[in-house]
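Below is one structure, written out as structure tokens; the observations come after it.
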Amino acid sequence: MKTQDEIIAARQRDWHELEAIVSRGEAFHQLDGPSISRAATLYRSLCNDLAKSRARCTPDLVAYLDNLAGRAHSALYGAQPFRAPPIVSLLFREFPATLRKNAVFLAIASALFLIPCAIGFALGLHLPNTTADILPRSMLEGMADAYSKGFDAGRSEATDTSMAGYYVYNNVGIAFRCFATGIFYGLGSIFFLLYNGLVIGAVAGYVGAAGFGGNIGTFMCGHAPFELTAIVISGAAGLRMGYALVVTNGRTRLGSLRESAPEIARLVGGAAFMLLIAALVEGFWSPSAVAAPVKWTVASIFTLAVAAWLALGGRAGALQRRSA
Amino acid sequence: MLERAHTAHPIDTTAEIETPEHLRFHYPIAGPARRGIAYLIDFLISGFVMALFGLAAFIGGIAVGDAIGEVSFGIVLLVKFLFDWLYFVLFEMVWNGRSPGKRALDLRVVTVHGHPLRLADSFLRNLLRAADMLPWGYVVGGVVAALDGRFRRLGDMVAGTMVIVEERRAVAASIRIEPPPTDKELRSIPQRLPLSGEELEAIDLFLRRKDKLGPAREEELASMVAPIFAKRMGVRYKDATRFLMLLHFRANTRRKAA
């Protein structure tokens with residue numbers, strides 16, 4: 001039987017060769033065919049060495065071989081150049097199809113968002129003073145002031161850029177948090193849906209009561225179809241995640257969660273895309289000096305487009321797959 | 001040295017991966033300190049870049065006027081958004097599971113099956129930072145990870161990933177006795193050593209590691225066991241480490257002859 005030193009002496013050259021190949025790391029997939037099959041051969045014999053060494057060598061050597069095997073494994077089995085995901089198919093087929101599959105969660109999330117939104121709106125409109133006791137008065141008054149002027153003059157382009165940046169940062173953050181906190185059995189998503197619904201409704205109502213309802217409506221109508229829908233979808237994804245934790249269908253909680261992960265990722269990815277559009281619209285179009293009727297018309301077109309996208313996207317593909 | 005791996009359980013937390021070759025190997029799992037430091041590095045890097053952008057915007061605002069200032073402000077916020085939500089995804093895709101901080105500390109994110117992570121995995125695990133961060137300073141993530149055998153935070157669990165340590169290691173050095181044992185020295189060592197397999201293993205391990213220990217620690221460890229062995233064999237020795245080397249030499253020459 002060979003001693004450890006003899007094993008090392010006999011095999012060390014192969015190990016170093018494999019190490020050299022694997023160390024190229026991310027560039028592994030760019031190697032030519034012979035090198036890759038050489039790596040595969042070396043890896044298999046390394047597996048052999050590792051099994052043997054576990055029985056008769058010191059932990060130092062086993063650790064070295066373990067480490068090398070791990071790196072070779074991840075290089076050989078994962079060697080694929082980074083490919084951009086098929087964005088178009090993801091956004092226009094898989095995302096809407098997944099969303100329809102989870103229509104129940106979307107419906108619940110919509111209710112959780114829209115009902116407090118309506119309550120907040122009614123409160124803000126009819127009892128603005130009470131509303132100001134619930135939400136920070138400075139915020140409400142700031143909003144009313146901001147919408148008091150209307151958009152006849154428009155804003156400078158510089159301000160547009162500035163605000164677009166702010167909307168991306170703030171609103172996408174809101175939506176992502178609305179999703180992520182769903183991990184707490186859905187409770188975080190429920191809270192953020194209710195809270196954001198209430199605040200958005202109350203602000204709109206308060207500004208309306210102050211007499212600038214037309215302004216805020218004209219401002220919000222353009223990006224609302226994207227932004228509010230995306231927040232609700234993020235919330236729905238969070239609820240889906242919480243549901244997977246509660247109703248496991250005989251799997252472990254973790255297993256159930258893992259199984260829902262691809263759907264969840266698709267939903268949030270789609271929502272993120274919508275939020276990006278929303279931020280651009282909110283930054284550049286919503287505050288522009290375009291006449292109100294035009295804005296409302298465009299808003300209607302946006303709404304129809306979003307509805308068609310989410311209701312119809314991926315249907316043809318699904319039919320084709322079924323008939324194939 | 002014969003039945004080592006069956007009896008010795010690794011003390012470190014490791015994740016066992018079974019490959020299609022029916023081979024099992026182990027990844028050491030990254031613990032809280034290492035991940036914390038890696039995060040700190042990433043945090044400082046993004047903070048530094050943000051500060052640079054902010055400074056450029058500020059200077060631009062002063063030099064050119066408010067118009068540029070506001071454009072820059074928008075861009076700064078966009079950059080902050082990208083750093084908050086996409087910094088990790090970007091690096092984990094380009095560097096196969098490593099952000100700069102992870103790279104500095106030899107960490108890598110892999111799937112629980114040991115495969116490189118894909119875009120959706122990275123996207124999910126990093127989005128859920130928003131939950132792991134709560135209420136501040138990754139308290140939720142830390143507690144959850146501490147309860148998990150593979151130190152996974154919520155994001156790792158949803159995405160099916162874990163963070164492993166991937167240090168380059170060197171092949172264990174072979175043991176050489178310098179100067180070679182003399183006949184006189186060897187005569188004092190019994191032909192059949194009254195040592196158990198575990199004791200021989202311990203000697204072996206000590207000799208392989210002694211160069212990393214430093215002379216004082218080496219001497220201390222050797223003189224803890226050498227007297228016990230010497231007494232058992234009824235021999236005397238001058239240098240404890242040297243004595244252990246001779247025992248090791250004798251054990252190995254005997255096995256080779258057998």
Side-chain angles (χ1 to χ4, degrees), chain A residues 1 3-5 8-9 12 15 25-26 44 47 50-51 54-67 69-71 73-74 77-78 82 85 156 158-166 168-169 172-173 176-177 179-181 183-184 188 241 254 257-258 261-262 264-265 268-269 283, chain B residues 1-6 8 17 19 21 23 25-27 66-68 70-71 73-78 80-81 84-85 93-96 110 114-116 119-120 123-124 127-131 134 154 157-160 164 166-172 174-175 201 204-205 208-209 252 255-256:
Chain A
M1 190 175 276
T3 65
Q4 174 166 339
D5 289 344
I8 293 176
Q12 194 163 19
W15 298 339
E26 284 80 36
R44 273 190 294 275
C47 291
L50 178 55
R54 214 166 261 150
R56 57 177 103 124
C57 294
T58 55
D60 298 41
L61 184 64
V62 177
Y64 167 76
L65 295 177
D66 250 336
N67 180 265
R71 280 161 55 204
H73 174 79
S74 98
Y77 287 91
F82 174 71
S156 73
T159 314
D160 284 354
T161 311
S162 151
M163 290 316 286
Y166 176 74
V168 171
Y169 173 67
V172 180
F176 282 174
R177 255 179 291 280
F179 156 69
T181 51
I183 189 73
F184 306 118
M241 190 160 62
L254 209 53
L257 190 60
R258 281 292 303 137
I264 293 170
V268 187
Chain B
M1 263 226 279
L2 283 178
E3 55 282 308
R4 140 161 318 275
H6 306 287
I17 303 289
T19 71
E21 292 86 358
L23 170 94
F25 60 85
H26 299 90
Y27 277 130
D66 283 347
I68 291 292
E70 287 199 350
V71 172
F73 176 70
I75 292 170
V76 166
L77 280 172
L78 266 175
K80 173 147 177 58
F81 162 75
D84 276 7
W85 296 103
M93 282 298 99
V94 177
W95 280 349
N96 186 13
V110 295
H115 295 296
L119 179 64
F123 184 58
L124 271 185
L127 271 191
L128 279 151
R129 279 179 196 282
L134 295 173
L154 291 173
M157 290 182 175
V158 176
I164 55 150
E166 197 183 73
E167 282 173 321
R168 300 281 162 89
R169 288 167 175 271
V171 184
S174 57
I175 298 173
E201 253 177 48
D204 187 271
L205 207 53
R208 281 178 201 283
R209 289 182 175 173
N252 279 301
R255 192 164 48 206
K256 266 181 217 169

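Nothing here was measured: the structure is a model prediction, and the numbers come from that model. Order of the sequence lines sets the chain letters (A, B, ...), proteins ahead of strands, with each chain counted from 1. Hydrogens, waters and symmetry mates are skipped; everything else that's a heavy atom, side chains included, is used.
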Item checked: Part of B:Val110 within contact of chain A (heavy atom distance under 4.5 Å) -> neither
Notebook entry, point to check: Shortest non-hydrogen contact from B:Ala131 to A:Ala180?
Noted result: CB-O, 3.5 Å
Check: Quick one: what part of B:Leu134 sits under 4.5 Å from any heavy atom of chain A, side chain, backbone, both or neither?
Finding: side chain
Next item on the list: Go through the structure and list residues passing ring pair (Phe, Tyr, Trp, His ring centres under 6.0 Å) with B:Phe123, not counting sequence neighbours.
Entry: none
Checklist line | Inter-residue atom distance A:Arg258.CZ - B:Met157.CE, 0.5 Å rounding | finding: 12.0 Å
Margin query: Rounded at 0.5 Å granularity, tell me how far OG1 in A:Thr181 sits from CG in B:Leu154.
Written below: 11.0 Å
Margin query: I need the minimum non-hydrogen distance between A:Arg177 and B:Ala130, along with the two atoms involved.
Written below: CG-CB, 4.0 Å
Margin query: For B:Leu124, which atoms come within 4.5 Å of any heavy atom of chain A: side chain, backbone, both, or neither?
Written below: side chain
